[in-house]
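Since the structure comes first, as structure tokens, the remarks are kept for the end.
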Amino acid sequence: MAAEGESESPLLRYIVKNPEAFAQNLARVVEQAGRAAAAYLKPREEGQAKDELADELAHVFKTLAHVGEYWLSDPQRAMEAQRRLVTGYMDIWDRSLKRMAGETVAPAVEPDPRDKRFQDPDWRENQFFDFVKQMYLTTSRWAEDMVEEAEGLEPHIRHKAEFFMRQITSALAPTNFLLTNPELLRETMQSSGENLVRGIRMMAEDIVAGGGDLKIRQASEGRFKVGENLATTPGKVIFQNDVCQILQYEPTTEKVLKRPLLIVPPWINKFYILDLNPEKSFIRWAVGEGHTVFVISWVNPDARQADKSFEHYMKEGILTALDVIEQATSERQANAIGYCVGGTLLAVTLAYCAAIGDDRIKSATFFTTQVDFTYAGDLKVFVDEDQIRILEERMKEKGYLEGKKMASAFNMLRSNDLIWPYFINNYMKGKEPFPFDLLFWNSDSTRMPAANHSYYLRNCYLENRLTKGEMVMAGETLDLKKVRIPVYNLAAREDHIAPARSVFEGSKYFGGPVEYVLAGSGHIAGVVNPAAKPKYQFWTGGKVKGTLEDWIAKANETPGTWWGHWQTWVSGLAPETVKARKPGGRKLKPIEDAPGSYVRVRA
């Protein structure tokens with residue numbers, strides 16, 4: 001025991017405190033690991049799940065082989081690449097020896113200040129862990145440089161190689177392994193391995209929940225329930241069909257804007273991202289601002305919707321919703337909001353309506369929506385002819401794409417935020433994740449009908465037909481220039497799904513006035529930035545021309561949320577008010593209370 005006033009040796013923090021308990025817990029870990037393996041194998045043995053890992057790894061290796069071919073095709077080039085890596089290692093070794101000798105030496109390499117993985121003090125103070133960290137950073141940056149500097153790669157191949165290499169280097173980080181993560185190692189020693197027992201038990205549970213695949217829990221599931229503490233804004237389902245339910249919300253003001261508001265959410269996720277809780281709910285706020293709010297709640301499809309295409313979603317979703325709004329309010333005209341792919345569908349619908357002379361939508365607001373996919377970001381990694389063909393073959397088997405596939409793709413865009421921290425917290429520390437409503441919503445995934453998803457990937461991401469004027473919908477060739485209604489186009493500065501540059505360029509294709517607004521943060525937080533407790537700022541500027549960087553340089557920055565700015569814009573288009581309307585009006589009998597039954601179906 002250390003004498004009074006004498007600090008305990010740092011090495012003692014990495015010594016097993018109770019060897020007997022540690023041995024017992026290791027046995028329990030092995031037992032639970034067997035259960036996890038059984039949970040993984042059982043669906044495959046019964047034919048309920050297929051192992052697709054081999055195909056996915058083959059695609060990764062095939063892509064990275066193009067990079068290897070460049071470096072290995074020239075012996076001198078290959079030697080130079082090896083020299084750079086070995087030189088980096090030797091520099092770390094030399095500095096480490098000097099530090100062991102008592103010298104004060106700066107590290108050979110430092111993590112990015114935004115990198116949250118190496119915040120534990122022992123990554124700096126403990127020479128072993130500092131050495132491991134520097135070796136990892138040097139190796140990972142060298143590997144990423146090899147991709148970046150490889151010449152002659154086709155742009156899509158380079159994009160995929162860069163993305164896959166980031167995934168590999170993220171997965172191999174020393175923070176993800178027990179023996180090379182000081183925080184995990186200390187916790188394991190101090191608890192005699194109890195954390196590992198809890199973690200492997202949670203892993204087995206999550207493999208069962210994922211139907212044989214690991215479905216990483218990002219929020220404490222038992223704390224949230226749709227309709228009880230999520231999606232609680234009062235309203236009614238006033239219509240439903242095979243594609244969607246239409247919700248109308250109860251008014252909270254005596255007078256409302258004469259022109260109703262239709263919200264078209266994405267079907268890749270559920271609509272209650274706009275109605276998480278009373279403080280964060282855009283829907284509740286919009287009702288309070290005097291809007292008669294209608295929301296499309298898309299079905300969580302199964303094999304019955306396999307043939308539902310983009311056209312079906314347009315006609316049985318948006319166009320049907322306009323019919324329902326007219327029945328419920330006697331108003332033919334409406335304002336519309338589209339979010340993400342819901343916004344893409346709204347833009348397609350507007351171009352279709354312009355082609356056939358349907359002028360019911362009088363203004364359009366887009367939340368982080370792409371209509372031009374030239375700069376669509378890392379999701380384009382998953383889109384090429386080979387990958388779409390394989391995906392279409394898999395979708396034929398069930399008639400839909402499983403929700404967990406899309407969820408995994410979105411999480412991979414920010415793996416160091418949405419995958420590995422939860423892997424460490426859940427399965428290594430054995431701790432339940434924090435009960436965070438947004439992450440509960442993120443894990444509440446939805447399926448995609450085969451026909452719809454195939455059309456979207458091919459016509460938007462792969463061929464970019466909408467802004468080329470080549471997209472055909474219900475026999476009409478679409479032209480966004482014919483869409484001359486006012487447009488409010490919201491982008492998010494750190495968006496990984498609909499990059500701000502992509503939204504900016506897409507703004508140039510509409511035929512009418514466009515108010516481009518740039519919100520702080522990303523795809524979700526940039527939109528869900530409540531008026532009561534705003535966290536981020538937004539930028540407004542002049543016309544959409546030139547580059548996004550030029551626009552930002554001249555834009556005006558405003559602290560707080562963009563919600564009020566949008567309200568001023570949309571209410572200014574049609575400020576007339578009428579007496580508040582009850583859901584359904586006199587013509588439509590409510591079917592059930594909001595948020596309805598479609599949104600409660602789990603994938």
Side-chain angles (χ1 to χ4, degrees), residues 13-46 48-53 116-117 120 170-225 402-405 407-408 411-412 415-445 602-603:
R13 294 183 294 173
Y14 300 102
I15 301 297
V16 176
K17 299 292 190 293
N18 188 333
E20 183 178 352
F22 187 75
Q24 292 174 349
N25 283 327
L26 284 183
R28 293 167 64 194
V29 167
V30 172
E31 178 185 354
Q32 292 294 331
R35 293 179 179 176
Y40 174 82
L41 292 172
K42 183 179 178 181
R44 287 162 174 80
E45 292 172 348
E46 296 176 349
Q48 298 174 1
K50 290 189 175 182
D51 198 343
E52 300 170 351
L53 182 60
K116 301 175 183 178
R117 295 175 295 177
D120 188 278
S170 294
L172 296 178
T175 48
N176 300 334
F177 300 93
L178 176 62
L179 296 179
T180 52
N181 184 324
E183 186 180 4
L184 289 178
L185 194 54
R186 287 197 308 269
E187 187 156 347
T188 302
M189 297 301 102
Q190 291 166 7
S191 71
S192 298
E194 281 282 354
N195 57 311
L196 300 180
V197 177
R198 295 191 304 268
I200 198 70
R201 184 187 301 122
M202 291 171 63
M203 178 178 285
E205 294 170 355
D206 290 352
I207 292 174
V208 171
D213 294 322
L214 181 62
K215 182 181 179 181
I216 299 177
R217 66 182 81 181
Q218 296 176 324
S220 182
E221 293 276 328
R223 295 288 296 273
F224 299 106
K225 191 167 183 179
E402 293 186 61
K404 61 185 177 183
K405 300 299 183 183
S408 296
N411 287 338
M412 286 175 68
S415 59
N416 284 335
D417 294 321
L418 296 176
I419 296 179
W420 297 113
Y422 294 97
F423 183 89
I424 293 168
N425 180 79
N426 300 359
Y427 312 130
M428 309 292 276
K429 294 182 181 179
K431 296 180 179 178
E432 280 280 350
F434 186 76
F436 189 17
D437 52 9
L438 194 151
L439 288 175
F440 174 87
W441 166 86
N442 188 59
S443 64
D444 189 7
S445 57
R602 302 298 296 267

Stepwise side-chain contact (heavy atoms from CB on, under 4.5 Å) check, Leu439 with Tyr422: CA-CA 11 Å; Leu439 288 175; Tyr422 294 97; 2.6 Å; yes
Check against side-chain contact (heavy atoms from CB on, under 4.5 Å), Asp444 and Arg602: CA-CA 7 Å; Asp444 189 7; Arg602 302 298 296 267; 2.9 Å; yes
side-chain contact (heavy atoms from CB on, under 4.5 Å) between Arg28 and Arg201, intermediate numbers included: CA-CA 10 Å; Arg28 293 167 64 194; Arg201 184 187 301 122; 3.8 Å; yes
Worked check of side-chain contact (heavy atoms from CB on, under 4.5 Å) between Leu196 and Asn25: CA-CA 8 Å; Leu196 300 180; Asn25 283 327; over 6 Å; no
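Across Val197 and Gln32, no two heavy atoms sit closer than the pair O-CG, 4.4 Å. Counting all heavy atoms, side chain and backbone alike, Ser445 lies closest to Ala407 at CB-CB, 4.3 Å. For the pair Asn176 and Leu172, the tightest heavy-atom approach, listed with the atom from each and the gap, is ND2-N, 4.4 Å. The shortest heavy-atom contact between Leu178 and Thr188 is CD1-OG1, 3.1 Å. Closest approach of Ser415 to Pro421, counting heavy atoms only: O-CD, 3.8 Å. Residues Thr175 and Arg117 approach most closely at CG2-O, 3.3 Å, considering heavy atoms.
The closest donor-acceptor contact from the side chain of Asp206 to the backbone of Leu214 lies at 3.5 Å or more, if one exists at all. The backbone N or O of Ile419 sits nowhere less than 3.5 Å from a side-chain atom of Asn411 that would complete a donor-acceptor pair. Judged purely by atom type and a 3.5 angstrom limit, Asn195 uses its side chain to pair as donor or acceptor with the backbone of Met428. Although no hydrogens or angles enter the test, the distance criterion places no donor-acceptor pair under 3.5 Å between the side chain of Asn425 and the main chain of Gln218.
The only member of Arg223, Arg198, Arg217 that meets salt bridge (Lys or Arg N to Asp or Glu O under 4.0 Å) when paired with Glu432 is Arg217.
Distance check, rounded to the nearest 0.5 Å: CD1 of Ile200 to CG of Asn426 gives 12.0 Å. Distance check, rounded to the nearest 0.5 Å: CD of Glu46 to CG of Leu41 gives 11.0 Å. Atom CE of residue Met189 and atom NZ of residue Lys17 lie 9.0 Å apart, to the nearest 0.5 angstrom. Atoms CD and CG, from Glu194 and Asn18 in turn, are 10.0 Å apart once rounded to the nearest 0.5 Å. In this structure, CD in Glu205 is found 13.5 Å from NZ in Lys215, a value given to the nearest 0.5 Å.
When side chains are defined from C-beta on, Phe177 does not count as touching Asn181, because their heavy atoms never get closer than 4.5 Å. Side-chain contact check for Ile424 versus Lys429: some heavy-atom pair is nearer than 4.5 Å. Under the 4.5 Å side-chain criterion, counting only non-hydrogen atoms from C-beta, Arg186 is in contact with Asp120. Inter-residue side-chain proximity for Tyr14 and Pro182 is flagged as met; some heavy-atom pair is nearer than 4.5 Å. Side-chain contact between Asn442 and Phe436 is absent, with no heavy-atom pair separated by less than 4.5 Å.
For Arg35 and Glu31, the salt-bridge test passes: some basic side-chain N is under 4.0 Å from an acidic carboxylate O.
Heavy atoms from other residues, nucleotides or ligands lying under 6.0 Å from NZ of Lys42 number 12 at most.
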